[in-house]
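Single-structure report; data block below.
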Amino acid sequence: MLSHRIKPLITAYFINGSILIVLSHFFRQQSWDYTFLYFGRLIYGGSTLNNYLSVFWYMTTYAITVFLTTLLISFVKNIWLQFIIAIGCFFLGVSLQDVTFMGNYSFPWDAQIALLAIFWMLLGYYFFKLFPKVHWKNKLIFGGLGLTLFVFLIYLYAKGKLDFVLWLKSSNIHSGFQAFIIPPLLCLVVFIIAEAIERAGGFIPLKFIGQNTDIIMFYHRAAFDITTLASFTDNWYFRIIVGLIAPILLAWTIQWLKNNRFKRKKTAQDR
């Protein structure tokens, strides 16, 4: 079960990472020495990844978090003890942000960030068991209060009265307490907004994007860059539009190929 969840993440990480490194080599006219070194950085991962692969740190951190959280839930049956351990791991991860790993500023696969994410994932695990049982009117109240809070926090941040920095990839966290409280509250507001959209009849493009976030996340940086390099116009609106549409079209093409392959396979079985 655990292997079934983690193996696809690691496979997608290395396959798509390798494709993007090759694309970067040709489109950015990089030397083979640089490209081979980049394959080495793909293995190490974390904050060493940049350009086309800048978002790839998330995949390995997520895989480690899934592994550790699954172990925690499987071997520690007491829920309160699970949260005590997860909270301890969270603040341990915060304390490690200035610690180097064998002379490197980042840990392999940004493993120290997984210590923070264990708490968030465990919270989400139990939250989604409770969330469907909460009455919709109460969700609206929670969502309204949460949204008001975030408008207030944004106001404080704009006025320079809130020092909120949470750059997980580079392990730059100014306040462990803020990192502990604010992201879960923001997620709660997002979940309530998502349910409101679903109750209103849904929105098919958003549903498609949600089902294909991995492909869009992997390739949007490359799409922006390649569009900029190959564009016949300096209009940045055009480059942004194409840069957004290209990975969405790629995701649609992959899904279309998968659906047609499934249909052909089913037709062959029916015969």
The test is side chain to side chain contact (heavy atoms under 4.5 Å, CB included); show your working for T70 and Y125 and say whether it passes. CA-CA 10 Å; T70 303; Y125 174 78; over 6 Å; no
The side chain to side chain contact (heavy atoms under 4.5 Å, CB included) partners of F75 (sequence neighbours excluded) come to L71
Quick one: CG on L147 to CG on L186, what's the gap to the nearest 0.5 Å? 10.0 Å
Quick one: are Y38 and Y52 in side-chain contact, heavy atoms under 4.5 Å? no
Could you walk me through whether V94 and F180 pass the side chain to side chain contact (heavy atoms under 4.5 Å, CB included) check? CA-CA 10 Å; V94 172; F180 184 78; over 6 Å; no
If you look at every heavy atom in A63 and I6, which pair is closest and at what distance? O-CD1, 3.9 Å
Heavy-atom side-chain proximity of F150 to I182 below 4.5 angstrom: yes
To the nearest 0.5 angstrom, please state how far the CG atom of L257 sits from the CH2 atom of W252. 8.5 Å
What donor-acceptor contacts under 3.5 angstrom involve side-chain atoms of residues 164-172, with partners at least two apart or in another chain?
from	atom 1	to	atom 2	distance (Å)
K169	NZ	L49	O	2.5
K169	NZ	S54	O	3.1

Report yes or no: do W256 and I248 belong to one cluster of Ile/Leu/Val/Met/Phe/Trp/Tyr joined by side chain heavy-atom distances under 4.5 Å? yes
Between Y58 and D110, does a side chain to side chain contact (heavy atoms under 4.5 Å, CB included) hold up when you go through it step by step? CA-CA 8 Å; Y58 167 81; D110 260 349; over 6 Å; no
What distance separates I15 CD1 from F218 CZ, expressed to the nearest 0.5 Å? 10.0 Å
Any cation-pi pair here, R41 with Y44, using under 6.0 Å and within 45°? no
Which pairs of donor and acceptor atoms, one on a side chain in residues 18-25, lie under 3.5 Å apart (sequence neighbours left out)?
from	atom 1	to	atom 2	distance (Å)
S18	OG	F14	O	2.7
S24	OG	Q30	OE1	2.9
S24	OG	Q30	NE2	3.1
H25	ND1	Q30	O	2.9
H25	ND1	T35	OG1	2.7

What is the ring orientation for F26 with W32, classed by angle as parallel under 30°, tilted 30 to 60°, or perpendicular over 60°? perpendicular
For atom CZ of F91, is the number of surrounding heavy atoms from other residues, nucleotides or ligands below 6.0 Å larger than 12? yes
Report yes if the side chains of F90 and L122 come closer than 4.5 Å at any heavy-atom pair, otherwise no. no
Sequence neighbours left out, what passes side chain to side chain contact (heavy atoms under 4.5 Å, CB included) with I254? Give chain and number order. I215, L250, K258
Set of residues satisfying ring-ring contact (aromatic ring centres under 6.0 Å, His included) with respect to F128, sequence neighbours excluded: F191
Should the ring pair F83 and F119 be called parallel, tilted or perpendicular, given that the plane angle runs from 0 to 90° and is split at 30 and 60? perpendicular
Run the numbers on H220 and V55 for side chain to side chain contact (heavy atoms under 4.5 Å, CB included), then give the verdict. CA-CA 10 Å; H220 77 279; V55 299; 3.9 Å; yes
Between the main-chain N or O of I173 and the side-chain N or O of Q97, is there a donor-acceptor pair closer than 3.5 Å? yes
Under 4.5 Å between any side-chain heavy atoms of F107 and I113, yes or no? no
Residue pair T69 / M121: nearest heavy atoms and the distance that separates them: OG1-SD, 3.6 Å
Nearest 0.5 Å, what's the CE-CH2 distance between M59 and W109? 10.5 Å
When you group the ILVMFWY residues by side-chain heavy-atom contacts below 4.5 Å and let the links chain together, are F39 and F27 in the same group? yes
Inter-residue atom distance T148.OG1 - L153.CG, 0.5 Å rounding: 11.0 Å
Give the intermediate values and the outcome of side-chain hydrogen bond (donor to acceptor under 3.5 Å, both in side chains) for residues Y155 and K159. CA-CA 6 Å; Y155 170 79; K159 291 291 186 178; 4.6 Å; no
CZ/F131: more than 12 non-hydrogen atoms of other groups inside 6.0 Å: yes
Could you check if a side-chain atom of L149 sits within less than 4.5 angstrom of a side-chain atom of L145, using non-hydrogen atoms only? no
Is there a side-chain contact between P184 and L188 in this structure, where contact means two heavy atoms from C-beta onward sitting under 4.5 Å apart? no
What is the minimum heavy-atom distance between A114 and I64, and which atoms define it? CB-CG2, 3.5 Å
Measuring from atom OG1 of T65 to atom CG of L68, what distance do you get when rounded to the nearest 0.5 angstrom? 6.5 Å
Closest contact, heavy atoms only, A86 versus I118: CB-CG2, 4.0 Å
W120 and P183 have their tightest heavy-atom pair at CZ2-CG, 4.0 Å
Taking atom OH of Y157 as the centre, does the number of heavy atoms from other residues, nucleotides or ligands within less than 6.0 Å exceed 12? no
Is there side-chain contact between I192 and F142, with at least one heavy-atom pair below 4.5 Å? yes
With K139, which residues qualify under side chain to side chain donor-acceptor pair (under 3.5 Å), at least two apart? E195
Please determine whether residues L162 and F177 belong to a single hydrophobic cluster, defined as Ile, Leu, Val, Met, Phe, Trp and Tyr linked transitively by side-chain heavy-atom distances below 4.5 Å. yes
I'd like to know if I84 and I87 are part of one continuous hydrophobic network [Ile/Leu/Val/Met/Phe/Trp/Tyr, side-chain heavy atoms within less than 4.5 Å]. no
Is there a continuous path of hydrophobic side-chain contacts, each under 4.5 Å between heavy atoms, that joins V76 to I79? yes
